[in-house]
Undergrad: 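What follows is a structure written as structure tokens; I'll ask about it next.
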Amino acid sequence: MAEQRPVRPRFGFDERGLGADAVLRELDEIARREDGVWADGRCSGTIYCGDRAVYDLSGQAFSRFSYVNALQRDMCPSQTRFEAEIIAMTLDMLHGDAACARGLEPCGTIGSGGSESILSAIFTHREWARAEKGIDAPEMILPETAHVAFDKGAHYFGVKVISAPVDPKTTQVDLDFVRRSIGRNTVLLVGSAGNYPYGTIDPIGALSDLAVEHGIGLHVDGCLGGFILPWGEQLGYDIPPFDFRHPGVTTLSADTHKYGYGPKGTSVLLFRDKKLRRHQYYVRPDWKGGMYVSPGMGGSRSGGLIAATWAVMVALGRAGYLEKARKIFETAFAMQAGVKEHPELRLMGRPTFCFSFTSDAFDIYHVNDFMKTRGWRFNGQQYPSAIHMCVTGPQTQPGVGERFSADLAEAVRYAQSPPAPVPKSGALYGGQGARATAANIDMGRLRERLKDFLDSTLEQPRPTEG
Ligand SMILES: Cc1ncc(COP(=O)(O)O)c(C=O)c1O
């Protein structure tokens, strides 16, 4: 794996500017170095496609519209078309037709990523419940495995979270708990397809029944799985329906910037019916700057991202997505077979393209420590400690699955008699941070330390350091 060297920081403008050639040379060098982290397939998730031809197309499409603001619809009717077609393709894949068959008008919006889609779904259901049911102390019921963006949304929008436990064996949400927790103020249930920690799928059919029975919303978080599970189902894998075929599903998120293979910065939020989407809109007719309308949280939006996402989806088509999905599922199941060879390791639930494993025999982070020395970059998880591997395009290269199994066999031997009792690696979402998971750690102090970490990622150099 390439060594990540810190770059000398710039604390102000260059007096004369470097010129395009020098800047591009610098960018080429940085990108080459950083691409080395994932290019050989030893990095979990985050780089979903890894196919240079797709990245080139996306970059070229972006460059033609990078300066376009999708807000100014009269100047760029193309953006209305691109957005409509991205949403139509997503609805096609996720059975919007089932909602049409019930006389509804399924539709969507495009936001900046999975978190925005989730925040928007929470906001929309809160507004809907206030307008339609007079609920002003809204609650939502979340599986513990739901992505943390739901907690973030609850924090932003003042929605109370009821956290539902999951069955430790299946990792699926405890339906009895959900059923018992539904009350007068419940506005939203949540299920994932699949969840981030284990890649497993909640029982969406049963959650849908509850949502219909109580007349409440159900958001299915398909941010991660929305653009790959449907192809897996078509390929014949055992993947239960999780989309609008269930009548209780009111919103569904699917990230174009993950397995949709578009550039980072877009996600689709689908609505079962147009009427619900209107609760997401912001309009202000009496602003001095003019009558203001906005479908979602963003103001100005990049026409480049929308054009590039559209270009990739149209260029790949059904056959392109199916072919990439076939390779990903085959690789993921081969890698899981490598895990199953070791009785000391345990897969969590019944995963498909994304899986996690733990150990009842030793601290699984010893395995992670060893795998790191072999260039692997997994995501560490906690409660219980586990290693998470989200299989993406780069792992489908020849030999990567075999190398995983061989390195894992050595890692298990290492973990059986590690050099020190406490492993070095730990659980930091989106990174491989220092170990900070001691059971008795003071949560208040830990929160402050995590904010210190964020400060360090946002630090500007000062002139004296230049
Ligand atoms: C299941 C799930 N939901 C939501 C998100 C959040 O997506 P984003 O990072 O694009 O905001 C993720 C990210 O990995 C995810 O795995």
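Computation of the quantities below employed the complete heavy-atom set of this structure, encompassing side-chain atoms and omitting hydrogens, waters and symmetry-equivalent molecules. First listed ligand is number 1; within each ligand, the first listed atom is number 1.
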Undergrad: Does Arg277 come within less than 4.0 Å of Glu105, counting only side-chain N to carboxylate O?
TA: no

Undergrad: Do NZ/NE/NH1/NH2 and the carboxylate oxygens of Asp35 and Arg32 come within less than 4.0 Å?
TA: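 Arg32 and Asp35: not salt-bridged.
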
Undergrad: Regarding ligand 1, does Tyr196 bring an N or O atom to under 3.5 Å of one of the ligand's N or O atoms?
TA: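 No - when backbone and side-chain N and O of Tyr196 are compared with those of ligand 1, no distance drops under 3.5 Å.
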
Undergrad: How would you list, by chain and number, every residue that makes a salt bridge (charged side-chain N to carboxylate O under 4.0 Å, His left out) with Arg245, sequence neighbours excluded?
TA: Glu233, Asp243

Undergrad: Between atom CE of Met297 and atom OH of Tyr282, what is the distance when rounded to the nearest 0.5 Å?
TA: 14.0 Å

Undergrad: Measuring from the heavy atoms of Glu116, does anything fall under 4.0 Å of ligand 1?
TA: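 Per 4.0 Å heavy-atom rule, Glu116 does not contact ligand 1.
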
Undergrad: Quick one: list whatever passes side chain to side chain donor-acceptor pair (under 3.5 Å) with Thr331, sequence neighbours left out.
TA: none

Undergrad: Are Arg126 and Glu139 close enough for a salt bridge, meaning some N to O gap below 4.0 Å?
TA: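 Salt bridge flag = no for Glu139 with Arg126.
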
Undergrad: Going by the atom numbers of ligand 1, which of them fall below 4.0 Å from some non-hydrogen atom of His257?
TA: 10 (O)

Undergrad: Should you measure from each heavy atom of Ser115, which atoms of ligand 1 turn up under 4.0 Å away?
TA: 6 (C), 7 (O), 8 (P), 11 (O)

Undergrad: Just to be sure I read this right, does ligand 1 sit under 4.0 Å from the backbone of Cys223, its side chain, both, or neither, counting only heavy atoms?
TA: side chain

Undergrad: Out of Leu224, Asp255, Asp221, Thr266, whose heavy atom sits nearest atom 3 (N) of ligand 1?
TA: Asp221

Undergrad: Between Lys327 and Glu330, is there a side-chain N and carboxylate O pair less than 4.0 Å apart?
TA: no

Undergrad: Is Lys258 in polar range of ligand 1, meaning some N or O pair under 3.5 Å apart?
TA: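 N/O-N/O distance below 3.5 Å exists for this pair.
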
Undergrad: Touching ligand 1 at all, Ala146? Heavy atoms, strictly under 4.0 Å?
TA: no

Undergrad: Which of the atoms in ligand 1, numbered in the order shown and given with their element, are less than 4.0 Å from a heavy-atom of Gly194?
TA: 1 (C)

Undergrad: Using a strict cut-off of 4.0 Å, indicate which atoms of ligand 1 neighbour a heavy atom of Gly114.
TA: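 Numbered from 1, ligand 1 contributes 7 (O), 8 (P), 10 (O), 11 (O).
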
